[in-house]
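Scroll down for the structure; my scribbles are underneath it.
What's counted below: heavy atoms across the whole structure, side chains too, no hydrogens, waters or symmetry copies. Each chain gets a letter, A, B and so on, in the order its sequence line appears, and its residues count up from 1. Just so you know, these numbers come straight off a predicted model, no measurement behind them.
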Amino acid sequence: KAGVTQTPRYLIKTRGQQVTLSCSPISGHRSVSWYQQTPGQGLQFLFEYFSETQRNKGNFPGRFSGRQFSNSRSEMNVSTLELGDSALYLCASSFNGDDTQYFGPGTRLTVL
Amino acid sequence: GESVGLHLPTLSVQEGDNSIINCAYSNSASDYFIWYKQESGKGPQFIIDIRSNMDKRQGQRVTVLLNKTVKHLSLQIAATQPGDSAVYFCAERTGGSYIPTFGRGTSLIVHP
């Protein structure tokens with residue numbers, strides 16, 4: 001069974017731009033969660049989607065948004081990028097959210 | 001490689017030794033605990049989990065111990081190998097919540 005895939009793997013943007021990251025969960029998994037990982041803050045929860053609905057949300061500004069499609073694939077969008085948004089963005093999937101999460105390799109976003 | 005955390009606690013061991021990585025958690029209501037391994041340039045990889053109704057769980061070369069009295073979790077790796085070198089994270093989750101809280105991580109360095 002293929003693992004969680006994320007695209008792109010690396011991205012360089014400038015301040016003020018917006019970015020969209022994509023995540024394809026493990027086949028059959030309906031829950032997709034997004035995390036931001038930085039050296040200073042560690043792994044922080046952004047949001048979780050289940051059956052195309054945002055079920056949980058972390059403490060991030062509204063510039064961070066996401067969505068989930070009927071095939072469980074998910075995208076997250078960051079608008080008006082700031083230097084502090086530079087991070088590794090990780091996607092994790094699980095069958096229903098209440099079970100083991102499996103992470104993708106992440107998208108390394110650099111904001112210049 | 002990518003840094004996943006500044007000033008991470010570091011455990012340095014010789015190949016073949018047993019390693020013990022510790023984690024303290026703060027929420028006494030947490031009832032599900034997970035250990036992840038993150039190698040440089042990769043997303044976190046699930047190692048083993050344990051629920052609060054257990055004190056010990058064993059996997060292949062790994063054992064997780066849970067002490068709810070002092071809110072302490074440990075990961076024991078038997079016969080540590082150079083391939084075990086990575087950052088190890090513990091995560092806790094409270095019943096009814098789909099959102100795990102991750103610790104800052106411990107860097108394990110295995111010397112051949």
Side-chain angles (χ1 to χ4, degrees), chain A residues 1 3-7 9-10 21 23-26 29-51 53-60 68 86-110, chain B residues 1-10 21 23-27 29-54 57 59-60 62 64 75 86-107:
Chain A
K1 189 182 274 192
V4 178
T5 58
Q6 293 185 245
T7 56
R9 291 294 312 279
Y10 300 92
L21 312 181
C23 171
S24 292
I26 292 171
H29 284 190
R30 297 181 295 169
S31 169
V32 175
S33 296
W34 288 90
Y35 295 85
Q36 181 194 66
Q37 187 176 37
T38 60
Q41 299 298 319
L43 261 164
Q44 292 188 288
F45 172 78
L46 279 157
F47 29 66
E48 185 239 358
Y49 285 86
F50 182 84
S51 293
T53 301
Q54 187 182 87
R55 188 163 61 175
N56 291 283
K57 189 178 188 306
N59 189 26
F60 277 81
Q68 187 180 34
S86 294
L88 181 67
Y89 289 89
L90 292 158
C91 163
S93 78
S94 69
F95 182 68
N96 61 12
D98 189 28
D99 53 330
T100 304
Q101 289 188 331
Y102 295 90
F103 283 84
T107 294
R108 167 66 64 184
L109 172 64
T110 302
Chain B
E2 296 172 355
S3 171
V4 297
L6 293 177
H7 309 299
L8 285 179
T10 299
I21 300 171
C23 179
Y25 65 94
S26 57
N27 190 347
S30 292
D31 62 357
Y32 179 57
F33 305 87
I34 317 111
W35 279 101
Y36 285 95
K37 169 187 179 184
Q38 187 171 25
E39 298 174 272
S40 182
K42 298 183 179 180
Q45 175 189 353
F46 171 84
I47 302 173
I48 192 168
D49 59 1
I50 188 168
R51 295 200 179 268
S52 59
N53 61 352
M54 302 173 70
R57 191 166 188 217
Q60 187 178 12
V62 295
V64 55
L75 177 71
V87 176
Y88 289 81
F89 294 94
C90 66
E92 60 180 296
R93 210 176 68 192
T94 305
S97 170
Y98 298 106
I99 307 169
T101 300
F102 286 83
R104 294 305 301 273
T106 295
S107 178

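Residue contact with chain B, scored on non-hydrogen atoms closer than 4.5 Å, involves the backbone and the side chain of L43(A) alike. Q44(A) does not touch chain B: none of its heavy atoms, backbone or side chain, sits under 4.5 Å away. If you measure heavy-atom distances from F50(A) to chain B, you find no contacts under 4.5 Å at all. Of the two parts of S33(A), neither the backbone nor the side chain holds a non-hydrogen atom closer than 4.5 Å to a non-hydrogen atom of chain B.
Between the side chains of T101(B) and N27(B), no donor N or O sits under 3.5 Å from an acceptor N or O. Judged by distance alone, the side chains of Y35(A) and Q101(A) do bring a donor and an acceptor atom under 3.5 Å apart.
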Ignoring hydrogens and angles, write down the donor-acceptor pairs under 3.5 Å from the side chains of residues 47-54 of chain B, residues two or more places apart or on other chains.
residue : atom : partner : partner atom : Å
D49(B)  : OD1  : R57(B)  : NH1          : 2.3
D49(B)  : OD2  : Y32(B)  : OH           : 2.6

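Applying the ring-ring contact (aromatic ring centres under 6.0 Å, His included) rule to Y25(B) yields the partners F33(B); only residues at least two apart in sequence or on another chain are considered.
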